[in-house]
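In what follows, a single structure is set out as structure tokens and then discussed.
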Amino acid sequence: MIKEYRSPPVTGENALLYYEPIVNALMAYDPSLAAEDIAFNAPPSLEMGDVAIPMFSIAKKRKTAPAVLAQEIAAKVNFGAYVSSAAAAGPYVNLKLDRNRVGYEITRAVLKAGTQWGGGGTGKGKRVLIEHTSINPNASPHVGRGRCAMIGDSVTRLLRFEGYDVEVHYYVNDMGRQIGLLVLVAEELEGITFDEILDAYVTANKRAEEDPEFAARGYEMLARIEAGDSGIKEKFFRVTELCLKGQLKVLQRLGAQYDFFDHESAYVNDPRLAVIEEALEKKGALFTDEDGRRVVDLSRLGYPLEEGRYFVLRRANGSSMYGCRDLLYSLDKHERGADVNLMVLGEDHKLYAQQMALILEAAGIAAPEVVYYSYILLSDGKMSTRQGKVVLLSDFLDQAAALALQRVMEQFPDLPADEHRQIAEQVAVSAIRFAVLRVKPTKNVIFDMESALSFQGDTGPYVQYCCARIRSILRKWGRPVPDPVPETFIADTDSEWALLNAMAAFPKVITESAAQRNCAQVANYMLDLAHAFTGFYHECQVLSSQDEARLHSRLQLCRAALYTLSNALGILGIDTPERM
RNA sequence: GCCCCGAUAGUUCAGUGGAUAGAACGAGCGCCUCCUAAGCGCUAAACACAGGUUCGAUUCCUGUUCGGGGCGCCA
């Protein structure tokens with residue numbers, strides 16, 4: 001038995017040629033039917049048929065029993081040239097398609113679109129602004145922070161693939177009491193390096209806990225910046241830039257790309273805050289409390305609960321809170337006028353983002369759309385910086401690359417060292433990106449070092465390997481893959497057919513994933529596709545095919561599968577090596 | 001205490017208002033004179049619990065339990 005691709009065929013905008021004739025045939029048979037009444041399913045097995053039409057909703061409209069209707073439709077409707085037979089099975093009509101003919105259409109569509117195959121173009125002419133990662137500049141990023149970067153980066157790639165014009169922003173949190181404390185400690189250490197920052201940060205926080213006077217100096221630093229002390233500002237800048245550079249080095253290794261770095265410190269003493277405050281005052285939502293803080297009462301803006309009702313903008317000493325600067329940053333992003341304003345945030349920011357949204361909207365500023373993600377947990381519990389129980393991205397990448405390097409050097413000893421290293425790095429990146437991205441953002445990712453390093457089974461390297469096998473076939477063929485010809489295209493085995501169906505589903509996956517801003521769907525689709533290809537690979541010899549028509553058809557299938565896999569991998573930010 | 005997420009094989013993840021709930025890892029058994037064994041085939045194994053809506057619920061609703069996150073001067 002071969003693996004079956006059980007997804008229904010593509011419908012709607014990305015419909016392939018064979019879908020419409022079937023709908024038209026049904027509507028011609030019964031003019032009272034509308035296109036929406038006709039749904040498509042995958043039958044439980046390929047033996048029953050290639051496409052199933054459930055009769056439930058049509059039967060309801062016609063006031064007939066579904067099974068009776070199925071009999072009638074299977075017997076009487078002429079489905080056209082793409083359908084070779086129709087059979088009723090209970091409440092379903094199962095159609096068998098003309099595989100050669102449909103296979104030709106699918107393959108031709110893929111090869112024609114090539115690197116664009118699967119993109120629906122729903123984003124053409126629309127601009128997206130996305131902000132993600134925005135890690136506090138205080139340590140080398142661990143996989144939890146990386147989840148934000150990987151999700152944001154992949155959503156960006158997904159939307160670009162759909163035709164959106166996307167600009168990526170990274171908010172540099174170069175302000176705040178904790179940065180102040182870090183600066184104080186860093187000052188004591190001559191020439192602090194990126195790798196020492198985390199220790200300094202931990203030290204700073206510990207000292208602040210034990211020593212109120214030291215803690216107070218953190219606030220004092222902030223107040224001085226707000227008062228315009230350029231010397232302190234310079235000190236902050238030195239530490240945060242050192243940190244940012246170190247972090248970006250790791251993020252770039254992952255393939256994350258950013259267009260703009262927006263600094264929080266640019267929003268200190270922004271005069272536009274007065275405009276927002278005025279809007280809040282007009283709604284009776286802003287007051288000064290008994291201790292002199294400026295506080296927003298969100299219940300005046302429609303917030304329903306007591307918890308989280310109050311939102312502090314300024315401390316009693318007049319210095320601004322994080323959210324205060326963030327409001328202005330949000331205003332800036334809003335003013336860039338993108339059609340879609342996105343941000344990727346950890347679920348710990350849910351309440352905060354809700355509060356921000358209420359304030360922004362009260363001031364007439366549309367709040368951004370948020371993609372939330374849950375934390376990454378380790379197989380033995382939560383990550384803990386203090387216990388040293390974190391997986392740093394750079395550590396993971398180093399280990400994974402070392403393993404992959406060893407492997408590829410054994411496999412292909414003659415390749416130049418540069419290429420060895422490049423392949424190893426690509427495999428390492430694919431292992432982490434795939435492991436994290438394949439899980440829906442709302443679920444915790446349980447990260448297990450051992451299985452992430454195994455490269456076996458449902459992993460990024462598995463999909464890359466699948467591509468490497470295809471490339472190997474195409475390399476041995478050594479000529480351009482001929483264009484498909486309708487009369488001679490052959491796809492009569494189950495495994496070829498399963499592969500074709502899997503490829504045909506790609507545009508729908510992309511459209512849905514883009515609409516839901518969910519790359520996990522792309523990752524899981526890719527596994528199905530890779531499995532389908534591997535089934536084909538094992539059952540159908542390509543280069544030793546007996547006749548030329550079959551040889552060409554299979555080469556075309558290989559080329560089409562490679563386009564589909566590479567396009568999908570590209571969305572997840574994963575490159576495919578020529579060999580591995 | 002209150003609010004928001006989640007719960008599917010031993011484990012990590014998919015999936016669906018309707019035909020037999022899919023993979024992978026792990027376990028057991030097989031497969032490299034054959035386009036890359038980072039692979040393939042076979043076997044065993046799951047919808048947390050209780051109600052409700054429905055012709056039909058693992059899927060929708062409510063409650064319980066468990067796990068994650070949050071709840072005014074952190075960012």
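The model shown is predicted, which means the values in this text are computed figures rather than measured ones. Sequence lines set the chain letters: A, B, ... in the order given, protein chains first and strands last, and positions in each chain run from 1.
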Nearest-nucleotide wise, let me know which of A:Glu306 and A:Arg177 is further upstream toward the 5' end of RNA chain B. A:Glu306
By side-chain contact (heavy atoms from CB on, under 4.5 Å), which residues pair with A:Ser384, not counting sequence neighbours?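 Here the qualifying residues are A:Arg386, A:Gln387, A:Lys389.
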With sequence neighbours left out, the residues meeting side-chain contact (heavy atoms from CB on, under 4.5 Å) with A:Asp458 are A:Arg438, A:Leu527, A:His531
Between the protein and nucleotides 34-36 of chain B, which nitrogen or oxygen pairs come in under 3.5 angstrom?
unit_1, atom_1, unit_2, atom_2, d
B:rC35, O3', A:Lys476, NZ, 2.9
B:rC35, O2, A:Leu543, N, 3.2
B:rC35, N3, A:Val542, N, 3.1
B:rC35, N4, A:Tyr537, O, 2.4
B:rC35, N4, A:Cys540, O, 2.7
B:rU36, OP1, A:Ser472, OG, 2.1
B:rU36, OP2, A:Ser472, OG, 3.2
B:rU36, OP2, A:Lys476, NZ, 2.9
B:rU36, O2', A:Tyr465, OH, 2.1
B:rU36, O2', A:Arg469, NE, 3.2
B:rU36, O2, A:Gln411, NE2, 3.1
B:rU36, O2, A:Met580, O, 3.1
B:rU36, N3, A:Met580, O, 2.7
B:rU36, O4, A:Met580, N, 3.0

Examine B:rC71: is either OP1 or OP2 under 4.0 Å from a nitrogen or oxygen in the side chain of A:Tyr303? Give yes or no.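 For A:Tyr303, the contact criterion (side-chain N or O under 4.0 Å from OP1 or OP2 of B:rC71) is not met.
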With a 4.0 Å limit, can you tell me whether A:Lys382 has a side-chain N or O closer than that to the phosphate oxygens OP1/OP2 of B:rG69?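 Looking at the OP1 and OP2 atoms of B:rG69, one of them is under 4.0 Å from a side-chain N or O of A:Lys382.
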Give the ring-plane orientation class for A:His552 versus A:Trp477, where under 30° counts as parallel, over 60° as perpendicular and anything between as tilted. perpendicular
Tell me whether the rings of A:His349 and A:Tyr352 are parallel (<30°), tilted (30 to 60°) or perpendicular (>60°). perpendicular
All N/O donor-acceptor pairs, side-chain side in residues 439-447 of chain A, below 3.5 Å, sequence neighbours left out:
unit_1, atom_1, unit_2, atom_2, d
A:Asn444, ND2, A:Tyr375, O, 3.0

C1' gap between B:rU58 and B:rA19, integer Å: 16 Å
Name all stems that contain residues of RNA chain B, defined as runs of 3 or more consecutive Watson-Crick or G-U wobble pairs, both distances under 3.5 Å.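 So far as stems of 3 or more pairs are concerned, RNA chain B shows B:1-7 with B:65-71, B:10-13 with B:22-25, B:27-31 with B:39-43, B:48-52 with B:60-64.
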Kindly determine whether A:Ile359 and A:Leu298 satisfy side-chain contact (heavy atoms from CB on, under 4.5 Å), including the steps that lead there. CA-CA 8 Å; A:Ile359 296 174; A:Leu298 296 166; 3.8 Å; yes
Taking side chain to side chain donor-acceptor pair (under 3.5 Å) as the definition, give me every residue that meets it alongside A:Ser140, ordered by chain and number, with sequence neighbours left out. none
Tell me, which of residues 310-318 of chain A have any heavy atom that sits under 4.0 Å from an atom in RNA chain B? A:Tyr310, A:Val312, A:Arg315
For RNA chain B, which residues in residues 202-210 of chain A have a heavy atom at a distance below 4.0 Å? none
Residues in salt bridge (Lys or Arg N to Asp or Glu O under 4.0 Å) contact with A:Arg145, at least two apart in sequence or another chain: none
For each nucleotide in nucleotides 1-7 of chain B, reading 5' to 3', give B when a protein heavy atom comes within less than 4.0 Å of its base, S when such contact involves only the sugar-phosphate, and - otherwise. BSSSS--
Scan residues 419-432 of chain A for pairs that pass salt bridge (Lys or Arg N to Asp or Glu O under 4.0 Å), counting only residues two or more places apart or in two chains.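 Residue pairs with at least one partner in residues 419-432 of chain A: A:Arg253-A:Glu425, A:Asp418-A:Arg421.
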Could you tell me whether the side chains of A:Asp262 and A:His169 share a donor-acceptor contact shorter than 3.5 Å? yes
A:Thr288-A:Arg294 side chain donor-acceptor pair, cut-off 3.5 Å: yes
Decide ring pair (Phe, Tyr, Trp, His ring centres under 6.0 Å) for A:Tyr462 and A:Tyr465; before the verdict, give the C-alpha distance in whole Å, the side-chain angles of both, and the deciding distance to 0.1 Å. CA-CA 5 Å; A:Tyr462 171 78; A:Tyr465 183 70; 7.6 Å; no
Can you find a heavy atom in the side chain of A:Ile135 that is under 4.5 Å from one in the side chain of A:Cys148?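 They are not in side-chain contact.
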Distances for protein N or O near nucleotides 9-11 of chain B N or O, under 3.5 Å:
none

